[in-house]
Amino acid sequence: MIKNKDMTQIIITLNNKEEEIFVETFLNRMKISFEKDEDDFELTEEMTEAIQTALKQDRSQYVDGKEPLKRIREKYGL
């Protein structure tokens with residue numbers, strides 16, 4: 001959704017990320033202010049498959065997000 005506070009509200013429905021990037025770039029270059037409505041987010045089929053695969057993994061092998069960073073810091077002295 002694109003809104004201009006002083007003008008009319010325009011709603012643009014985009015089909016994919018490529019279109020979204022194009023429209024954002026165009027509006028930015030034209031110096032047109034806009035707001036993105038992030039409430040309409042939908043998972044792609046690829047995202048859904050990745051989530052399903054992750055849910056099927058063995059929980060005993062789980063490592064939280066901070067653990068790999070801790071290991072890298074220890075190994076390389078960062």
Side-chain angles (χ1 to χ4, degrees):
M1 175 175 12
I2 298 171
K3 293 182 188 177
N4 184 321
K5 294 178 184 175
D6 301 327
M7 301 189 102
T8 306
Q9 174 177 316
I10 299 171
I11 298 173
I12 299 175
T13 304
L14 304 168
N15 296 317
N16 55 46
K17 188 69 175 174
E18 184 177 293
E19 288 181 4
E20 179 182 346
I21 292 168
F22 172 80
V23 171
E24 283 184 33
T25 302
F26 174 76
L27 294 174
N28 284 326
R29 289 184 182 209
M30 296 296 294
K31 298 187 181 347
I32 299 172
S33 61
F34 63 94
E35 294 177 12
K36 289 173 52 176
D37 183 2
E38 301 290 343
D39 293 338
D40 292 340
F41 181 79
E42 292 183 25
L43 294 175
T44 65
E45 187 174 317
E46 183 179 355
M47 292 172 171
T48 304
E49 289 174 15
I51 291 169
Q52 293 302 323
T53 300
L55 290 172
K56 293 176 186 174
Q57 291 179 349
D58 181 6
R59 296 272 188 197
S60 66
Q61 302 296 317
Y62 174 78
V63 177
D64 72 21
K66 294 180 181 180
E67 184 62 29
L69 295 174
K70 179 181 172 187
R71 292 177 188 172
I72 291 169
R73 284 187 192 110
E74 289 172 356
K75 183 174 181 177
Y76 297 104
L78 301 174

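Sparse packing is recorded around CD of Glu18, with 12 or fewer heavy atoms of other residues, nucleotides or ligands lying under 6.0 Å away.
Neither Leu27 nor Ile21 shares a network with the other; the hydrophobic side chains, linked directly or stepwise wherever heavy atoms of I, L, V, M, F, W or Y lie under 4.5 Å apart, form separate groups for each.
Legend: salt bridge (charged side-chain N to carboxylate O under 4.0 Å, His left out) pairs involving residues 50-63, not counting sequence neighbours: none detected.
With sequence neighbours left out, the side chain to side chain contact (heavy atoms under 4.5 Å, CB included) criterion links Glu49 to Glu45. Legend: residues meeting salt bridge (Lys or Arg N to Asp or Glu O under 4.0 Å) with Lys17, ordered by chain and number and at least two apart, are Glu20. Under the rule for a side chain to side chain contact (heavy atoms under 4.5 Å, CB included), the partners of Tyr76 that lie at least two apart in sequence or sit in another chain are Ile72, Leu78. Taking Asp64 as the reference, Tyr62, Lys66, Glu67 meet the side chain to side chain contact (heavy atoms under 4.5 Å, CB included) condition, with sequence neighbours excluded. For Thr44, the side chain to side chain contact (heavy atoms under 4.5 Å, CB included) partners at least two apart in sequence or on another chain are Glu46, Met47.
Rounding to the nearest 0.5 Å gives a distance of 11.0 Å between CG of Leu69 and CD of Glu74. Here CD of Glu24 is found 8.5 Å from CG of Leu14. Values are rounded to the nearest 0.5 Å. Atom CG of Leu55 is separated from atom OG1 of Thr53 by 8.5 Å, given to the nearest 0.5 angstrom.
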Stepwise side chain to side chain contact (heavy atoms under 4.5 Å, CB included) test for Phe34 and Ile10: CA-CA 10 Å; Phe34 63 94; Ile10 299 171; over 6 Å; no
